[in-house]
Amino acid sequence: MMPLLILAVLVTMVAGALLAVWKFRVSDDSSGGAVGVVIAPCVMAIYLVAAAMGVVIGWDDFKAAEDGLIAETGAAQSLYWSTATFPGEEGEEVREKLRAYLTAVVEEDWPLMEEEGELSAEGDEALAELSASVRALSLADSGDGLDRLSARQEATALSEARIERADAAGDDIPPLVLVITAVTAVAVAVLPFAMIRKGSFTAYFWSSVNLVLVFATVLLIASMGNPFNGILANDMGAVEEALAAFDRADLAMAPQ
């Protein structure tokens, strides 16, 4: 759908510019009157506002998703280290479920977030199993009581971070903003050709430059996508680094 929209905008701009040059020029009176003084500035203002909104929304979505991902991996790391003082079987079970969950995030969640803006059922199941293993920990009055309580808190934080990531994966530039940007961009790109009074090379050159720049803005906004598949896309590097850190820690804690 999006490539078709981008292609339609480009074709409309080029076709409109050619028609404006060959047939539908704005008269001298109109270019210095209603069209040049009122209509063109209004269209330009709407275009600039819509384009700016699209860029700001896309950037805010990207940063919010990035912060959420940092919080999610931070909770996973805290949960891992809180199990260090647990008896062997209890701690190992939680760590195993935690690795399984982060592996599901990388292998199952990420492809779906990039392609469909959704999270996987496998990730939901892995998180449910992890949460169950943490809830099964007793809170007996022992030396590791605070670590067990911390593990429950971090498991809750991990669940909340997953919900936020699911919301972020569904964030796109609002269609209305994109449509307004595209429609007004066509007018902003075509009007200069229609208002050229004399066919000078300089006038056509700068009108063409304006068309390219305006189209580039539409292309930029349309390419933002969601925070995991657009030109501003968070990658899975933080999750992969957390998994690698768990492996290194396991080696360090293994009996020699």
Side-chain angles (χ1 to χ4, degrees), residues 60-172 226-229 232-254:
D60 285 347
D61 289 345
F62 165 75
K63 292 301 294 181
E66 182 182 51
D67 292 342
L69 194 58
I70 292 172
E72 185 172 9
T73 53
Q77 290 169 336
S78 296
L79 175 57
Y80 177 90
W81 287 112
S82 69
T83 66
T85 61
F86 297 172
E89 292 183 0
E90 282 190 337
E92 181 55 36
E93 181 180 4
V94 173
R95 289 193 292 272
E96 180 182 345
K97 300 297 184 184
L98 179 57
R99 287 191 205 90
Y101 171 64
L102 292 187
T103 300
V105 170
V106 172
E107 297 180 355
E108 306 295 341
D109 279 354
W110 225 271
L112 275 179
M113 290 193 299
E114 291 177 340
E115 296 173 8
E116 301 178 19
E118 299 177 356
L119 271 59
S120 68
E122 292 83 356
D124 292 336
E125 293 173 3
L127 180 61
E129 292 179 2
L130 170 61
S131 298
S133 69
V134 173
R135 287 195 301 270
L137 297 173
S138 65
L139 291 179
D141 185 15
S142 58
D144 59 6
L146 288 178
D147 287 331
R148 292 169 183 261
L149 179 60
S150 175
R152 292 192 173 190
Q153 293 173 337
E154 297 304 337
T156 300
L158 206 57
S159 298
E160 293 173 349
R162 181 174 179 80
I163 294 173
E164 292 178 1
R165 180 157 54 84
D167 292 339
D171 286 338
D172 286 307
N226 71 43
F228 300 100
N229 68 3
L232 292 176
N234 290 283
D235 59 33
M236 65 184 79
V239 182
E240 292 176 328
E241 289 175 6
L243 280 169
F246 294 165
D247 291 338
R248 291 192 297 270
D250 285 345
L251 289 175
M253 292 188 298

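Since this is a predicted model, take the numbers as computed values, not measurements.
- Taking the six-membered ring where tryptophan is involved, the planes of Tyr80 and Phe246 are essentially parallel, since the angle between them stays under 30° and well short of 60°.
- Within the 3.5 Å criterion, the main-chain N or O of Ala75 finds no donor-acceptor partner in the side chain of Ser78.
- Between Val94 and Glu90 there is no side-chain heavy-atom pair separated by less than 4.5 Å.
- Between Val105 and Met236, the closest side-chain pair of non-hydrogen atoms is not below 4.5 Å.
- Nearest approach of Phe62 to Ala233, heavy atoms of both residues: CE1-C, 4.0 Å.
- Closest approach of Ser150 to Ser82, counting heavy atoms only: OG-CB, 4.2 Å.
- We find the CD-CG distance between Gln153 and Leu79 to be 11.5 Å, quoted to the nearest 0.5 Å.
- The shortest side-chain heavy-atom distance between Glu93 and Thr83 does not fall under the 4.5 Å cut-off.
- Annotation: side chain of Leu127 is in contact with side chain of Ser131 (closest heavy-atom distance under 4.5 Å).
- Panel note: side chain Arg152, backbone Arg135; a donor-acceptor pair is recorded below 3.5 Å.
- Residues Arg165 and Arg162 are in side-chain contact: their nearest non-hydrogen atoms beyond the backbone lie under 4.5 Å apart.
- Side chain of Asn226 to backbone of Asp171: no donor-acceptor contact under 3.5 angstrom is found.
- At a threshold of 4.0 Å, the pair Glu92-Arg99 counts as salt-bridged, since one of the basic side-chain nitrogens sits closer than that to a carboxylate oxygen.
- The two residues Ala126 and Tyr101 make their nearest non-hydrogen contact at CB-CA, 3.7 Å.
- Rounded to the nearest 0.5 Å, atoms CD (Glu154) and CG (Leu130) are 11.5 Å apart.
- Judged by distance alone, with hydrogens and angles left aside, the side-chain atoms of Asp109 form a donor-acceptor pair with the main-chain N or O of Ser120 at under 3.5 Å.
- None of Leu119, Asn229, Asn234 except one satisfies the side chain to side chain contact (heavy atoms under 4.5 Å, CB included) rule with Met113; the exception is Leu119.
- Here the closest heavy-atom approach between residue Leu102 and residue Ala242 is recorded as CD1-CB, 4.2 Å.
- Taking each heavy atom of Pro227 and Ala65 in turn, the nearest pair found is CB-CB, 3.4 Å.
- The CD atom of Glu160 lies 6.5 Å from the OG1 atom of Thr156; values are rounded to the nearest 0.5 Å.
- Expressed to the nearest 0.5 Å, how far CD of Glu240 lies from CG of Asp235 amounts to 7.5 Å.
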